[in-house]
Protein chains: 4
Amino acid sequence: MALRSRESTGRTGNRTPVKERLLHVATRLFARHGFEGTSVQDIVDAAGVTKGAMYHYYGSKDDLLYEVYHQVLSMQLSHLDEIAAGPGTAEQRLREAAADVVRTSLDNLDDMIVFFRSLHMLPDDKQVQVRAERRRYHDKFKALVEEGVAAGTFRADISADIVVHYFLSVVNQLGSWYRPDGPLSPAEVGDLFTELLIGGLATR
Amino acid sequence: MALRSRESTGRTGNRTPVKERLLHVATRLFARHGFEGTSVQDIVDAAGVTKGAMYHYYGSKDDLLYEVYHQVLSMQLSHLDEIAAGPGTAEQRLREAAADVVRTSLDNLDDMIVFFRSLHMLPDDKQVQVRAERRRYHDKFKALVEEGVAAGTFRADISADIVVHYFLSVVNQLGSWYRPDGPLSPAEVGDLFTELLIGGLATR
Amino acid sequence: MALRSRESTGRTGNRTPVKERLLHVATRLFARHGFEGTSVQDIVDAAGVTKGAMYHYYGSKDDLLYEVYHQVLSMQLSHLDEIAAGPGTAEQRLREAAADVVRTSLDNLDDMIVFFRSLHMLPDDKQVQVRAERRRYHDKFKALVEEGVAAGTFRADISADIVVHYFLSVVNQLGSWYRPDGPLSPAEVGDLFTELLIGGLATR
Amino acid sequence: MALRSRESTGRTGNRTPVKERLLHVATRLFARHGFEGTSVQDIVDAAGVTKGAMYHYYGSKDDLLYEVYHQVLSMQLSHLDEIAAGPGTAEQRLREAAADVVRTSLDNLDDMIVFFRSLHMLPDDKQVQVRAERRRYHDKFKALVEEGVAAGTFRADISADIVVHYFLSVVNQLGSWYRPDGPLSPAEVGDLFTELLIGGLATR
DNA sequence: AATGAATGAGCTTTCATTCAT
DNA sequence: TATGAATGAAAGCTCATTCAT
């Protein structure tokens with residue numbers, strides 16, 4: 001009888017490389033029990049490795065949290081870049097952007113939950129990095145709103161900044177009420193929220 | 001020679017009764033450094049008492065957190081009860097309710113920050129209590145929206161539940177961007193957000 | 001049968017107050033196994049308390065080390081102050097001072113061993129404090145040498161600074177060779193070393 | 001096209017053979033941050049290799065420390081052998097020996113610092129080896145002193161053992177005060193300290 | 001000769017909570 | 001009503017060392 005080969009893809013869960021596995025289980029645990037409610041021991045146990053292994057790949061528990069943030073944020077930012085630079089009126093592109101950020105947030109709900117619950121626990125320097133990335137998203141989104149105002153499509157009496165705070169608040173809170181097994185798909189929620197946003201912005 | 005009386009209102013800062021003082025400083029510290037980032041020692045130091053005193057008034061650190069939640073929630077709930085039962089069309093009352101929840105949230109920003117950041121750290125039984133109170137707020141708010149839909153004032157193609165999730169998300173995130181020393185007063189933010197909500201709901 | 005009363009002075013070693021007991025056993029352990037070779041667990045086990053108790057009295061393991069330093073240093077400094085201000089020629093007072101620093105160092109040999117082996121492990125700010133205290137000792141001692149040079153008793157061709165470095169080196173190394181159960185008493189070593197110092201300084 | 005040869009003296013800083021480079025950087029790091037304050041990772045990083053390489057050449061971190069000791073000690077021992085067997089009176093040879101041990105110690109100050117700070121961290125068997133070598137140095141030095149006493153040049157009322165402890169203490173502490181960029185050269189310090197020693201020993 | 005992923009035991013420190021007074 | 005010494009469990013992190021390659 002042949003010995004189980006070491007690179008087995010069996011159910012021991014050793015499929016994926018250690019580094020990614022760690023990030024994956026950490027995300028799940030952070031979302032379930034919070035950042036401070038999850039110990040490094042919990043993470044490495046769930047990943048089937050030892051602490052030393054984790055510290056081989058990540059400088060600290062904070063680092064792990066930062067990576068969770070970073071991955072979703074940069075994906076959403078690149079989507080927004082593409083959409084903003086694409087064809088269509090300001091309203092059309094804002095609709096696309098709004099629907100996308102809702103949809104991708106719901107597709108990565110665990111990350112979002114972690115993100116908006118734990119940001120304040122990062123050390124200052126990492127918080128600054130994250131805020132800068134979020135600010136870039138905010139500003140890009142705001143530019144779309146301003147385009148629509150300039151075009152006369154959107155009402156001019158509410159500052160674009162406030163509008164963006166308003167809508168991104170909605171996005172950031174998705175984790176607090178959305179349940180994947182509920183009646184609405186991510187895309188449907190995206191469409192409905194886009195409707196509410198555009199309706200609120202529209203000139204009569 | 002008279003001894004300094006213990007209940008002195010003098011410069012030791014011991015003005016308010018110990019119990020309230022503890023809740024007050026706890027709220028501030030939780031908002032600044034997070035629930036888990038604040039130690040019982042921090043709290044009692046800031047309140048100028050010792051641990052024993054805190055455990056005399058509150059059963060645990062969790063208790064303190066729960067009290068923070070409870071106070072604002074019950075105030076907002078009683079406001080909503082009053083407004084909903086008051087005069088005016090559904091739209092008028094929804095406008096009042098929306099503006100009120102934004103305004104009172106901004107007036108108690110520290111509590112809101114603590115609330116939405118730390119809820120998940122409470123033990124399950126306390127979380128259940130809090131969720132029930134929030135659910136009552138949600139349902140009452142939703143009833144106002146449904147009234148407006150029934151009256152033909154609001155569009156019928158977006159479920160009232162979704163609308164409430166949408167708007168309360170905005171409220172719950174106020175702490176993440178509003179700065180008291182910024183250009184807008186709580187009332188102004190309340191009006192603008194109410195505009196965006198009603199605009200999004202309005203039938204054309 | 002009567003229960004053993006809690007404030008027993010029995011051989012459980014709980015005689016002295018916890019705070020002093022901790023300092024005492026820490027000194028002994030640091031001297032035997034080095035600062036980094038001694039764990040906080042070792043210390044509290046030897047003192048018969050728990051870690052929490054230690055951190056109640058001392059801010060850190062470093063703090064404990066600093067206290068060891070501080071106690072002997074300040075005793076020696078006060079001795080030197082007294083001697084320098086006392087009666088007698090410069091030579092007589094230098095003899096007294098030299099004999100005293102040797103004697104008191106040998107009487108607190110564990111502290112000296114810890115001191116000169118572990119100083120460099122303290123955080124910078126604490127090192128600065130210690131160095132300042134040592135510098136004060138050095139300077140006071142040097143003043144005595146200079147007095148003797150001015151009086152023509154001591155040779156003028158070797159700077160007082162170098163002489164002090166020379167003699168304090170001898171003192172600082174006592175721990176590396178002196179054994180309390182050896183043939184010489186602390187006072188005898190003090191006298192012999194004083195002879196060697198004064199002989200080396202004397203003008204012919 | 002020729003491949004870059006591996007033993008290149010190029011800008012990678014890989015000039016010296018790995019084994020010596022490791023010893024060299026280890027000495028420097030031990031002197032700067034202490035033995036326990038220096039991790040194997042620190043050493044191999046500074047040497048530009050990996051841990052595996054270090055464990056290929058040295059059995060352990062302790063081994064590295066022992067090598068540092070051994071090198072200087074054996075050099076000084078061979079100098080002393082030469083001097084003692086050389087020409088001149090006992091005083092002349094003692095002067096030479098004293099000046100030499102000060103000078104060579106200052107020329108290898110890092111090693112001395114490491115030596116006298118970290119000896120106690122070696123495992124017992126290695127400590128025994130080192131102590132034996134030091135004892136041989138001590139005894140050889142002591143023989144010179146005894147020669148001078150027998151010749152009537154040095155005072156007979158202070159045991160040679162004590163004298164050697166006295167002077168080697170001075171040598172062993174050089175690292176605690178000497179600064180290479182200070183006013184005195186190693187040779188000058190050697191001469192001054194020799195003066196102080198011989199003066200202290202001289203019969204009047 | 002050299003790599004670097006991984007181990008596992010150990011470290012210092014923090015902290016909510018208790019309890020005798 | 002309030003103190004503060006003391007507990008004990010758990011936390012994040014470090015590090016010398018091993019070993020398959």
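Within every chain, numbering begins at 1; the chains are lettered A, B, ... in the order of the sequence lines, protein sequences first and strands thereafter. Owing to the predicted nature of the structure, the values given are computational and were not obtained by experimental measurement.
When side chains are defined from C-beta on, T27(D) counts as touching D110(D), because their heavy atoms get closer than 4.5 Å. In this structure, the side chains of E133(B) and H70(B) come closer than 4.5 Å at one or more pairs of heavy atoms. The shortest side-chain heavy-atom distance between Y55(A) and V40(A) falls under the 4.5 Å cut-off.
Between A53(A) and M54(D), the residue anchored closer to the 5' end of DNA chain E is M54(D), taking for each the nucleotide with the nearest heavy atom. Closest-nucleotide positions on DNA chain E for G52(B) and E36(C) were compared, and the one nearer the 5' end corresponds to E36(C). Ranked by how close their nearest DNA chain F nucleotide is to the 5' end, V18(B) and V40(A) are led by V18(B). The nearest heavy atom of DNA chain F to F35(D) and to K61(A) marks one nucleotide each, and the one closer to the 5' end goes with K61(A).
dA11(F) atom C1' lies 15 Å from atom CE of M121(A), rounded to whole Å. The distance between atom CG of L22(D) and atom P of dT3(E), rounded to the nearest whole Å, is 10 Å. We find that CG of L64(C) is positioned 11 Å from P of dT12(E), with the value rounded to whole Å. In this entry the distance linking OH of Y58(C) with P of dG4(F) reads 18 Å, nearest Å. To the nearest angstrom, C1' of dA6(E) lies 15 Å from CG of D45(A). Atom pair K19(D):NZ and dA2(E):C1' shows a separation of 16 Å (rounding to whole Å applied). The distance between atom CZ of R21(C) and atom P of dA5(F), rounded to the nearest whole Å, is 15 Å.
In summary, the side chains of Y66(B) and Q129(B) do present a donor paired with an acceptor at a separation below 3.5 Å, with no hydrogens or angles considered.
With a cut-off of 3.5 Å on both pairing distances, the Watson-Crick or G-U wobble partner of dT3(F) is dA20(E).
Closest to the side chain of T50(B), out of dA2(F), dA6(F), dA6(E), is dA2(F).
Distances shorter than 4.0 Å separate none of the side-chain N or O atoms of S39(A) from OP1 or OP2 on dA10(F). Proximity of Y55(A) to the phosphate of dC13(F): a side-chain N or O atom is located under 4.0 Å from OP1 or OP2. When the side-chain nitrogen and oxygen atoms of H56(B) are compared with OP1 and OP2 of dT1(F), one or more of them lie within a distance under 4.0 Å. Listed pair K51(A) / dC13(F) fails the phosphate criterion, with no side-chain N or O lying under 4.0 Å from OP1 or OP2.
Ring planes of F30(D) and F35(D): perpendicular class, angle over 60° (limits at 30 and 60°).
Residue Y57(B) is classed as a sugar-phosphate contact, given heavy-atom separations below 4.0 Å to backbone atoms only.
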